[in-house]
Amino acid sequence: MFNLRQGRMKRLSKEDLTQMNRDYFQSLDKQKLVEVAGNLHKLAVEQLEKLEQNSSNSSLPPSSDQFKSKEKLAVQSEQQTEHSESETKSKQEEKQVSPISEKLKSKGFGKKLPGKQKGAKGIWRTTPLVASEIVSHHPETCASCNSPLEIDSDAKPHMGYYVLELENLDSGIEVKCRLHHYYQATCACGHHTKEKPLFGYVSVVEGRSKDLCLQEYGLVGPMLATFIASLAVRYRMSRPKIRELLNDWVGVSLCVGTIDRCIREVGIACSPVVEELIEELQSAEIIHLDETPWYEKGQYRWLWVAITSTIAVYHIGSRRKEELLRLISQAFVGWLVTDGYGAYINYPKRQHCLAHLIRKAIALTEAVDKEVADLGQWLLEELRELIHELATGDGDKDETDSNPARLYRVCRLATVGEHTKLKALANEILNDWDAVVACFYNPQLPPTNNEAERALRHAVIARRISYGTRTAEGSLAYCSILSVIETCRLRKVDPWAYIAMILTQARRGIKHPPIPIAS
């Protein structure tokens, strides 16, 4: 699978260490020597902790283990020998491939990896970027002794890069190109400190050739990346369509790979926010839960949603009962509003959605058998009457003839019949009786699960258009972006400004602020 790790914002680089030798240390006074020693100690501790990490004491994959026993090394060498022999054998077999197979491969019928193929012609920009503004970055403190540095107006940048950023204007939007220049400065101690772009979260996927690193060094700015993610997730546009829109309407030419990277960057930046939302979810009084089918690289999965008045969290996984623990932990003591799916039945404080039962009762009213239709109509009227009494507050004071009592009697009558669907609906209500009538004795509970169903409607449309996601990282990005967008809308906060802000901080390795609640 994959995991997220946070990069270091600033640390001694290779260039900094090459400047440090015995003569340099002897030239420092005592106070600066202590500062330099402190920085070197931090670097040594960081590297030691990194060396001691393995798959048994961290979230790193087994392939990243640093230390291996002699037995493992021997096994690995044997596997490499077998692999080399098999490669030699396969090459010999390839030479004996029939002409028909070679013809099929030449037409593209063989397996190939996604993305640019080996030997394919590259694509470059036809016109160079022209910057409308230059942004200067000067080092503020010495990387060696932590002394403040002065800005040299005559200094020349040691590196630079262009950034395309979206700006909101009074009459619309505009994409501007900025050139970021990075400078170096010399401290009184003699150390040369270079200012460099920061980096933050890293998405680690086992088996991938290059991990996704969120960093300042890049062509697309935070707000433009947020705009691209909104087109993909909120407005359900494909990558090629986004490329076409950017090129035609704002004059920005980006490849599909860059667009996809922007969407995944926004998703990875939003994932820590979702983890905090799940923690907040455990203290809620009422949570609506629902799930719908989803596809991940063609495999059958499920998209879950847990929503309250101020929180919405989405998750893609299996439909097993254990998957529910990713959203609702054992610390939750509130009420759940759900349908009749078996994963929810064992939870003690729960409201069974009456709208699901009403839809099943409506189907029974259209039965060919008149007796079954009459019982279905009776069952339908009692369910609707129960919702009406909850909405108006005109419930019967006589407990012996209350709406739950009448509903219980008609269900008992329905279980005697021979109609399969009628008996199944009646048994579903009786077996889950406490959850069906929970709203009658707890007026604060909603009788239906419409909140969760409405929250899934947008994702269902997206599934029909895109046929789901392709990777686990893509599923994480999709759910994280959707969770932050819906939560911001529930809290009446501008989602795009907030997402652009947390992406800016995630690229720098700075912890994000929580989603505020508008007063």
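Here the structure is a predicted model, which is why all the values come from computation and not from measurement.
Partners of E280 by salt bridge (Lys or Arg N to Asp or Glu O under 4.0 Å), not counting sequence neighbours, listed by chain and number: R491. Remark: F25 pairs with no residue by the ring pair (Phe, Tyr, Trp, His ring centres under 6.0 Å) rule, at least two apart or across chains. Every residue was checked against the side chain to side chain donor-acceptor pair (under 3.5 Å) condition with S466, not counting sequence neighbours, and none meets it. The salt bridge (Lys or Arg N to Asp or Glu O under 4.0 Å) search around R234 returns E486, not counting sequence neighbours. Remark: R264 pairs with D260, E473 by the salt bridge (Lys or Arg N to Asp or Glu O under 4.0 Å) rule, at least two apart or across chains. The salt bridge (Lys or Arg N to Asp or Glu O under 4.0 Å) check on K321 picks up nothing, with sequence neighbours excluded.
Outside the 6.0 Å centre-distance limit, the rings of Y314 and Y478 are not counted as a close aromatic pair. The distance between the ring centers of Y467 and Y295 does not fall below 6.0 angstrom. Between H137 and H181, the distance from one ring center to the other does not fall under 6.0 angstrom.
Here the options are R508, R507, R178, the test is salt bridge (Lys or Arg N to Asp or Glu O under 4.0 Å), and the partner is E216; only R508 passes.
Looking only at distances, a side-chain donor or acceptor of N449 sits under 3.5 Å from a matching main-chain atom of L289. A donor-acceptor pair is defined here as one N or O able to donate and one able to accept, closer than 3.5 Å; no such pair exists between the side chain of N39 and the backbone of V36. H288 places no side-chain N or O within 3.5 Å of a backbone atom of E453 that could act as its donor or acceptor partner. Between the D494 side chain and the W496 main chain, a donor and an acceptor come within less than 3.5 Å of each other. Judged by distance alone, with hydrogens and angles left aside, the side-chain atoms of N247 form no donor-acceptor pair with the main-chain N or O of R243 at under 3.5 Å. One N or O on the side chain of Y341 and one on the backbone of R319 form a donor-acceptor pair closer than 3.5 Å. The backbone N or O of I278 sits less than 3.5 Å from a side-chain atom of Q282, completing a donor-acceptor pair. Side-chain atoms of E323 come within 3.5 Å of backbone atoms of S318 as a donor-acceptor pair (strictly under, hydrogens ignored).
No more than 12 heavy atoms of other residues, nucleotides or ligands lie within 6.0 Å of OH in Y217, so this atom counts as exposed by the packing criterion. For E322, the CD atom counts as densely surrounded, since its 6.0 Å shell holds more than 12 non-hydrogen atoms of other residues, nucleotides or ligands. No more than 12 heavy atoms of other residues, nucleotides or ligands shown are found within 6.0 angstrom of CD on Q330. The 12-atom threshold is exceeded at CD of E133, counting heavy atoms of other residues, nucleotides or ligands nearer than 6.0 Å. In the displayed structure, R326 atom CZ is contacted under 6.0 Å by at most 12 heavy atoms of other residues, nucleotides or ligands.
Taking all atoms of both residues into account, the shortest heavy-atom contact from R350 to A438 is O-CB, 3.6 Å.
Note that OH of Y162 and CG of L129 are 6.5 Å apart. Values are rounded to the nearest 0.5 Å. Distance check: L490 CG to I307 CD1 gives 5.0 Å after rounding to the nearest 0.5 Å.
R301 forms no cation-pi arrangement with W294, by the criterion of a distance under 6.0 Å to the ring centre and an angle within 45° of the ring axis.
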